[in-house]
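A quick write-up on the structure given underneath.
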There are 2 protein chains.
Amino acid sequence: MPTMTAAQRRAAEKRDYDAFLDGCKSRALLDRLTDKWVTLVLAALRDEGTMRFSALSRRIAGVSQKMLTQTLRNLERDGLVVRTVTPTVPVTVDYRLTDLGTSLALLVLQVKGWAEQHMDLVLQHRDDYDAAHA
Amino acid sequence: MPTMTAAQRRAAEKRDYDAFLDGCKSRALLDRLTDKWVTLVLAALRDEGTMRFSALSRRIAGVSQKMLTQTLRNLERDGLVVRTVTPTVPVTVDYRLTDLGTSLALLVLQVKGWAEQHMDLVLQHRDDYDAAHA
DNA sequence: TGGGTTAGGCACCTCCAGGTGCCTACTTCC
DNA sequence: GGAAGTAGGCACCTGGAGGTGCCTAACCCA
C-alpha cells in the first residue's frame, strides 16, 4: 500500500515527533523553564546570592513548601543550584546558583526584559483582537 | 491578634502572590511561551518567513490541527503573527511573524542556543545526581 | 505544655492543557 | 463516485502539574 490514511500519517508523524523530542535539548530546557516557579527561584537567587529555604519561600510569596522543594531539587539535580546543609540545631540549608545556573538566569532576565519592554504592546493587541472578534 | 497561624500567613501570601501576578508582565509572557507548540511555531516561521497552515503542520511533526490552530490564534491575538486569508478555491491561509514576533523569536533562539551549548552538561549533572541518590 | 522554628516527606485531590475523533464545504484528481 | 487536500470547529476524555493538609524531630520560649 503506497498511500496512507490520515490516521496512519498522523501516527507516523507522532513517531517522528517523539523521536525528535528525545534528542531535542532545547525542548528539555524549555520543560525545565516551564515549571511554574523555576524562573522566580532563578531570579531570587541571582538577586540575593545565597538564600535559605525559608528566605526563598518568603521572597517567592505564594509558593507551597512542596513545590519549592521540588523546584530546588530539580535545579540541584541539573547542576544549576548548589544545596548546602549546615547541621545547626534546627538544620540550616542554603541555596545558591552555580556558574551554569547564573548563565541561564541571565538569559531568563533577558526574556523578562523583553516582557517589560513589549508586553504592553502585546496586551494592547490582545484587547484590539478581542474587541474586533467580540 | 498580632500573630498569625501558618494557614493565615499562607493565605495572605497567596493574596500577595495573586496581586503580584496580575501586574506581572514577564509571567504573562512566560505563560505564552509555556504553551507546548509556541516556540516551535516561532522557530519555523522565522526560518521559512511565510508558511501556510498545512506547511506548518507538516513541518512541526506531531501537532494536532486543534493545537496548531489554537497556538496560531493566540499568537495572532498577541500581535506576534499575522494571518492572511486568500480566497482561492480551497481557501489559502498564510502566517508570518510580525516585527514584534521576530524580536521575540530571536530571544527564543538565544535560549535554544544556550540549550545546545550547555544541556549536555546539565544532563551529565542529572545522571550524576541520579547515580548518587539511587 | 503547647506553640513556633528548621526543612522538608507523604497522600490525596483538582483542574485544565493537550490529545482524539468526527464534522464541514468546495474542488480536483483518479 | 470515492478519496484526498484546503483550514479549521466542536465535544469529549485523560494525565499530570500543581495545591492542600497533616506529619516529623529536635530545640527554644513564655
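To find a chain, count down the sequence lines: A is the first, B the second, and so on, and within it residues start at 1.
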Take atom [atom1] of [X] and atom [atom2] of [N], then tell me their distance rounded to the nearest Å.
| X | N | atom1 | atom2 | value |
| --- | --- | --- | --- | --- |
| A:Ile60 | D:dG19 | CD1 | P | 12 Å |
| B:Leu68 | C:dT20 | CG | P | 14 Å |
| B:Met51 | D:dG8 | CE | P | 14 Å |
| B:Leu75 | D:dG8 | CG | C1' | 16 Å |
| B:Asp31 | D:dA17 | CG | C1' | 13 Å |
| A:Asn74 | D:dG16 | CG | C1' | 14 Å |

Going by side-chain hydrogen bond (donor to acceptor under 3.5 Å, both in side chains), name the residues that satisfy it together with [X], two or more places apart in sequence or in a different chain.
| X | result |
| --- | --- |
| A:Gln124 | A:Asp128 |
| B:Asn74 | none |
| B:Thr86 | none |
| A:Arg46 | none |

Touch class at under 4.0 angstrom, heavy-atom based, for B:Thr88 against every strand present: nothing
Nucleotide nearest [X] (side chain, heavy atoms from C-beta), chosen from [options]:
| X | options | value |
| --- | --- | --- |
| A:Val91 | D:dG8, C:dA7, D:dG5 | C:dA7 |
| A:Ser64 | C:dA7, D:dT20, D:dA7 | D:dT20 |
| A:Tyr95 | C:dG8, D:dG5, D:dA7 | C:dG8 |
| A:Arg58 | D:dT6, C:dT6, D:dG8 | C:dT6 |
| B:Pro90 | D:dT6, C:dT5, D:dA7 | D:dT6 |

Would you tabulate the nitrogen or oxygen pairs shorter than 3.5 Å linking the protein to nucleotides 9-17 of chain C?
none

Pairs under 3.5 angstrom, nitrogen or oxygen only, protein versus nucleotides 28-30 of chain C, please.
none

Those residues that, when tested against B:Glu116, pass side-chain contact (heavy atoms from CB on, under 4.5 Å) (two or more places apart): B:Lys112
B:Val85: partners by side-chain contact (heavy atoms from CB on, under 4.5 Å), with sequence neighbours left out: B:Arg83, B:Val91, B:Val93
N/O donor to acceptor pairs below 3.5 angstrom from side-chain atoms of residues 47-56 of chain B, sequence neighbours left out:
from: B:Asp47; atom 1: OD2; to: B:Arg59; atom 2: NH2; distance (Å): 2.9
from: B:Glu48; atom 1: OE2; to: B:Arg59; atom 2: NH1; distance (Å): 2.7
from: B:Ser54; atom 1: OG; to: B:Arg58; atom 2: NH2; distance (Å): 3.3

Side-chain N or O of B:Arg52 closer than 4.0 Å to phosphate OP1/OP2 of D:dT6: no
Contact under 4.0 Å: B:Ser54 side-chain N or O vs D:dG5 OP1/OP2: no
Rounded distance (nearest 0.5 Å) linking atom NE2 of A:His133 with atom CZ of B:Arg73: 8.5 Å
Euclidean distance, A:Arg126 CZ relative to A:Leu121 CG, rounded to 0.5 Å: 11.5 Å
Proximity of B:Tyr129 and B:His125 rings by center, below 6.0 Å: no
Degree of bending in the helix from C:dA7-D:dT24 to C:dT24-D:dA7 once both end axes are built from five pairs, to 10°: 30°
A:Asp94: partners by salt bridge (charged side-chain N to carboxylate O under 4.0 Å, His left out), with sequence neighbours left out: none
Inter-nucleotide C1' distance (C:dT6, D:dG19), Å rounded: 22 Å
Show every donor-acceptor pair shorter than 3.5 Å between a side-chain atom in residues 97-111 of chain B and any protein atom, with sequence neighbours excluded, or say none if there are none.
from: B:Thr98; atom 1: OG1; to: B:Gly79; atom 2: O; distance (Å): 2.8
from: B:Thr98; atom 1: OG1; to: B:Leu80; atom 2: O; distance (Å): 3.3
from: B:Thr98; atom 1: OG1; to: B:Leu100; atom 2: N; distance (Å): 3.4
from: B:Thr98; atom 1: OG1; to: B:Gly101; atom 2: N; distance (Å): 3.0
from: B:Thr102; atom 1: OG1; to: B:Thr98; atom 2: O; distance (Å): 2.8
from: B:Ser103; atom 1: OG; to: A:Trp114; atom 2: NE1; distance (Å): 2.9
from: B:Ser103; atom 1: OG; to: B:Leu100; atom 2: O; distance (Å): 2.7

